[in-house]
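In what follows, a structure is listed as structure tokens, so that the remarks can point back to it.
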Number of protein chains: 2
Amino acid sequence: MIEHNNISQPIYLKLKEMILNGELKQGEKIVQEKIAESLGVSRTPLMKALLALENEYLVESIPRRGMYVKALNKKEIVDIYICREALEGMAARLLALSKDDKIIKQLEDCFTSFLNKEKINIKAYSKADEKFHSLLIKLTGNSPLDKIYFFGKIHDKVIGHGLVRPPEETLQEHFKIIKAIASGNANEAENLARLHIKKSRELLFNQ
Amino acid sequence: MIEHNNISQPIYLKLKEMILNGELKQGEKIVQEKIAESLGVSRTPLMKALLALENEYLVESIPRRGMYVKALNKKEIVDIYICREALEGMAARLLALSKDDKIIKQLEDCFTSFLNKEKINIKAYSKADEKFHSLLIKLTGNSPLDKIYFFGKIHDKVIGHGLVRPPEETLQEHFKIIKAIASGNANEAENLARLHIKKSRELLFNQ
DNA sequence: AAAATGTATTTTGTATACAAAATACAAAAA
DNA sequence: TTTTTGTATTTTGTATACAAAATACATTTT
């Protein structure tokens, strides 16, 4: 039966999930007919989804050869962190300038449940971390910024558990960033947000 | 006759050109069959090109309605400039840290022909300006950064002639940025690159 | 005349068909 | 055995076909 309501979107989401959870492995070739059949769709909407994923650095196309799950080398990971540094730094600056209590609240809410905890659940914290960083971007209301920030989920895949540094170390930093935003100190907010990413990058790089 | 060597790429380039030079107007609907026929191709490779353009903020898709040439409002233009501020600032920083004479040479070459000129040709300077800013990004060798920097050409379209401020004002600034990069002063390079964009943004905003 | 309804046309979204390029693999040659 | 060559198979890139949604437009109703 033929559907006409955006099959591409679910395919896109499904493939993204499969890539991020490792069901499709790095470097693996995506044979269109095979994947299309396994998902019960034709190659046309599948191709749309793949092109979207290519633009998110999750899939790589080699013309006349096929689509491959993007395999990130160390340099690319570092380069992605450098981009995040620039973008999240700017986001923190913008939020500090906006002075909106609701924004502070939402950012704090990511982490309040982890305060004064003896042991922090890594899985839960990792999710909160991802939420926080993506919120930082979204709350700016700058849609071009949001459009080019698609790296958030990538490191999840790169680093097994999704965290480069332990929660004990980063929880503090997150609240410092929020505090700087709340105080309206744009320079401080930007610097702290950048330092936060930079520390992780340097740790990854010197591994 | 059926071709099998990336028709999408030329279509993409052609459409991009048509959008940037105004042949396709902002907000105009792109009726696939019409464009496909006028380009002598089918809808399949056209769709690939359109999806690529969508990811570059040049085309907007409204599901089940069609693809439209993206019309940028003032907020979006400002938001794009904010992104450029973050990205080009970071690029200038990276180049300053890299300390490579060839890089300095290439950046300088963009503008040397305009030095000590009585009258500067706007068209030529506008092209040089675009070259400079895209080089700034490319020379970092950071491919994710290059991938997310696709705004360079957009303001060309937004601002008629492609320049927000007169060459007399910006020529100086460009050389100051290059000088800071050459001296290896990363903070200075980043600040100047950001200020350069910010000034144009503020001018646009207060129009 | 304006609004509502129904029908015809257009256009999108998806599936399928098919040619050419890429790949796999077996047979022949070195 | 290793390399080369030729053939069969697979897979991509493009074109086309077709159903459903969207749009246009004329007719009817108020």
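Bear in mind the structure is a predicted one, so any value in this text is a computation, not a measurement.
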| query | Looking at A:Thr44, does any N or O in its side chain come under 4.0 Å of the phosphate oxygens OP1/OP2 on C:dT14? | reply | no
| Salt bridge between A:Glu54 and A:Lys70, side-chain N to carboxylate O under 4.0 Å? | no
| For atom CG of A:Leu50 and atom P of D:dG13, their distance in whole Å | 11 Å
| note | The residue, B:Lys29 or B:Ser42, whose nearest nucleotide of DNA chain D is more 5′ is B:Ser42
| Separation of C:dA22 P from B:Asn6 CG (nearest whole Å) | 12 Å
| query | With a 4.0 Å cut-off on heavy atoms, is A:Ile30 in touch with a base, just the backbone sugar-phosphate, or nothing at all? | reply | sugar-phosphate
| query | What class does the angle between the rings of B:Tyr57 and B:Phe151 fall in, given that below 30° is parallel, 30 to 60° is tilted and above 60° is perpendicular? | reply | perpendicular
| request: Round to the nearest Å and state the distance from A:Tyr12 atom OH to C:dT14 atom C1'. | output: 20 Å
| request: For B:Met47 and D:dA15, give me the distance from atom CE to atom P, rounded to whole Å. | output: 14 Å
| remark: A:Arg43 atom CZ is separated from C:dT16 atom P, nearest whole Å, by 12 Å
| Which of parallel (below 30°), tilted (30 to 60°) and perpendicular (above 60°) describes A:Phe132 and A:His174? | tilted
| query | According to a strict under-4.0 Å criterion, is B:Ser8 in side-chain N/O contact with OP1 or OP2 of D:dT14? | reply | yes
| Side-chain donor-acceptor pair present, B:Arg64, A:Asn6, cut-off under 3.5 Å | no
| task | To the nearest Å, give me how far apart CG (A:Leu46) and P (C:dG13) are. | result | 16 Å
| message | Nearest to the side chain of B:Lys48, heavy atoms from C-beta on, is which of D:dA15, D:dT14, C:dG13? | response | D:dT14
| message | Both A:Tyr68 and B:Gln32 contact DNA chain C. Which one's nearest nucleotide lies toward the 5' end? | response | B:Gln32
| query | Taking atom P of C:dT12 as reference, at what distance in whole Å does atom CD1 of A:Ile7 sit? | reply | 18 Å
| said: Need one value for B:Ile11: base, sugar-phosphate or nothing, where a base atom within 4.0 Å counts as base even if backbone is also close, heavy atoms only. | reply: nothing
| Interatomic distance where CZ belongs to B:Arg64 and P belongs to D:dA19 [whole Å] | 14 Å
| task | Ignoring backbone atoms, establish whether B:Lys34 has a side-chain N or O less than 4.0 Å from OP1 or OP2 of C:dT11. | result | yes
| Within less than 4.0 Å of OP1 or OP2 of D:dT23, is there a side-chain N or O belonging to B:Arg65? | yes
| query | Cut-off 3.5 Å, side chains only: do A:Thr170 and A:Arg165 have a donor facing an acceptor? | reply | no
